[in-house]
Amino acid sequence: MTDTEIKKGLAGVTVDYTAISKVNPDTNSLLYRGYPVHELAATQPFEAVAYLLWHGELPSETQLAQLRATERERRALTDDVKAAIDLLPVEAHPMDEVRTAVSVIGAADLAGIGNVMDAVGTPEENLDRSIRLFAALPAIVAYGQRRRRGQDAVAARDDLDYAANFLWMTFGEEADPVVVDAFNRSMILYAEHSFNASTFTARVIASTLSDLYSAVTGAVGALKGPLHGGANEAVLHIFDEIGSADRVTTWLDDALARKRKIMGFGHRVYKRGDSRVPTMKAALDSLVAHYDRPDVLALYDALESEFVGRKGIYPNLDYPSGPAYNLIGFDTLTFTPLFVAARITGWTAHIMEQQASNALIRPLSAYNGSDERHIEGYVPDSATAAAADRPEEAAG
Ligand SMILES: CC(=O)SCCNC(=O)CCNC(=O)[C@H](O)C(C)(C)COP(=O)(O)OP(=O)(O)OC[C@H]1O[C@@H](n2cnc3c(N)ncnc32)[C@H](O)[C@@H]1OP(=O)(O)O
Ligand SMILES: O=C([O-])CC(=O)C(=O)O
């Protein structure tokens, strides 16, 4: 064994600088490029926050109009992506559809083909790729839900902004402004969160000088897990299991006796509450009032107060966003793909930041396997035996 200190899960390890966001668990705050996220959620369209994450500044009116025009041009579900999704079983998890769709878009981008040294691309190419994925994902996520319901794709509308068009493509009808506003806020809150597991995955892949699409594909895989983005889906499964507020105590007694994790609670960095929860909870409250569903709020409050009271572990963003997406009408399986559509902004900002100041990410491990041993009967040839006698030369 070794006396090297192991930082399991990289907990508490600071691996690099980032200028994109600051998560501060002491003040329970989250800044995107210096702006508190709740101020952005209250005042900005998601497109402006995407611009902020990529460029470091909020857009002028002209810059926002340019980004919106490009996003609108690239919103449609393209034939190749639709065909690739249609090849998958209709029961496939939508995160697998999204991962596949990103891969298809990446394979169709032929810039840098021919020499692997060009895969990484220029900053201009990577900003363009970021906008391409940002614009394409809503149609992919919307079509996934419609396909599972046996419905056709709904064509994008270029007279609607990002959030309203996303809801239009999913449901085929214009959403109420209350719903659009709550959805827009959720996208902003989900957009970015420093070196979380999926963003770190993207940065690891980018650090090898692989291409942006590969880094995003890996990030989608990391986000799928229930300890990370998959928790918003898992929260709704828990709500369905519990059923109603009056059943919370018995359900929790049983779940804790069986040492189950209560999804939507706890966080690696925040230990006294997630900075984004109050803003998302306010969005959930507006949806509860809009849809007249006080039963949802009763269950939400009952589980939160019982679990926090017993364990002192607080809700994370996935706790209010799960029931909010359910009220809007998204299928439970669609929740984590919605997170992808939002986080594509943060992931791509981090990929470009990694590329701008790259070092291959390759930590060390401490070996705790078998002592050296040998294959019975193996006789090295003379060159191998000679090299074994001169290990420093063999290592080159
Ligand atoms: C957008 C996001 O990705 S936010 C995170 C979404 N994920 C979830 O909601 C999944 C549920 N939560 C969790 O599993 C954890 O809180 C994590 C993975 C998010 C953070 O975990 P870590 O910082 O590694 O803390 P860890 O898992 O070691 O938990 C510390 C203790 O609290 C307990 N704990 C933490 N979260 C929970 C929970 N949700 N339910 C029950 N117990 C919990 C652990 O069992 C552990 O107890 P122990 O010390 O008795 O073993
Ligand atoms: O920061 C984390 O570990 C997880 C999280 O909340 C996020 O990615 O939004």
Holding to salt bridge (Lys or Arg N to Asp or Glu O under 4.0 Å), I want the full list of residues that pass it with [X], two or more places apart in sequence or in another chain.
X: Arg72; result: none
X: Glu306; result: Arg310
X: Lys7; result: Glu5
X: Arg258; result: Asp254

Can you pull the ring pair (Phe, Tyr, Trp, His ring centres under 6.0 Å) pairs that have at least one residue in residues 209-257, sequence neighbours excluded?
->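 Counting only pairs at least two positions apart or across chains, the ring pair (Phe, Tyr, Trp, His ring centres under 6.0 Å) contacts touching residues 209-257 are Phe239-Tyr319.
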Side-chain H-bond candidate by donor/acceptor type, Thr332 with Asn326, under 3.5 Å |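 No, because no side-chain N or O of Thr332 sits under 3.5 Å from a partner of the opposite role on Asn326.
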Measure the CD1-CZ distance between Ile20 and Arg33 for me, rounded to the nearest 0.5 Å.
->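 Atom-to-atom, Ile20:CD1 and Arg33:CZ are 5.0 Å apart.
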Expected list for residues 40-49: side-chain donor-acceptor pairs under 3.5 angstrom, two or more places apart:
| unit_1 | atom_1 | unit_2 | atom_2 | d |
| --- | --- | --- | --- | --- |
| Thr43 | OG1 | Glu39 | O | 2.7 |
| Glu47 | OE2 | Arg68 | NE | 3.0 |
| Glu47 | OE2 | Tyr162 | N | 3.0 |

Apart from [X] itself, what residues make up its hydrophobic cluster, given side-chain heavy atom links below 4.5 Å?
X: Val120; result: Leu209
X: Leu110; result: Ile113
X: Val15; result: Leu10, Val13, Phe195, Phe200, Val204, Ile361
X: Tyr17; result: none

Would you please test Ser275 and Tyr270 for side chain to side chain donor-acceptor pair (under 3.5 Å) and show each step?
-> CA-CA 8 Å; Ser275 61; Tyr270 299 117; 2.6 Å; yes
Check step by step if side-chain contact (heavy atoms from CB on, under 4.5 Å) holds for Met187 and Leu338.
-> CA-CA 8 Å; Met187 290 283 111; Leu338 295 172; 4.2 Å; yes
For residues 377-388, tabulate all N or O donor-acceptor pairs below 3.5 Å that involve a side-chain atom, not counting sequence neighbours.
| unit_1 | atom_1 | unit_2 | atom_2 | d |
| --- | --- | --- | --- | --- |
| Asp381 | OD1 | Ala383 | N | 3.3 |
| Asp381 | OD1 | Thr384 | N | 2.8 |
| Asp381 | OD1 | Thr384 | OG1 | 2.6 |

Please step through side chain to side chain donor-acceptor pair (under 3.5 Å) for the pair Ser321 and Arg276, ending with a clear verdict.
-> CA-CA 10 Å; Ser321 69; Arg276 303 158 292 184; over 6 Å; no
Under 3.5 Å, side chain of Asp292 to main-chain N/O of His290, donor-acceptor pair present?
->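 Answer holds: no.
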List, one per line, each side-chain donor-acceptor pair under 3.5 Å for residues 164-172, sequence neighbours excluded.
| unit_1 | atom_1 | unit_2 | atom_2 | d |
| --- | --- | --- | --- | --- |
| Asn165 | OD1 | Arg157 | N | 2.9 |
| Trp168 | NE1 | Ala155 | O | 3.0 |
| Thr170 | OG1 | Phe166 | O | 2.8 |

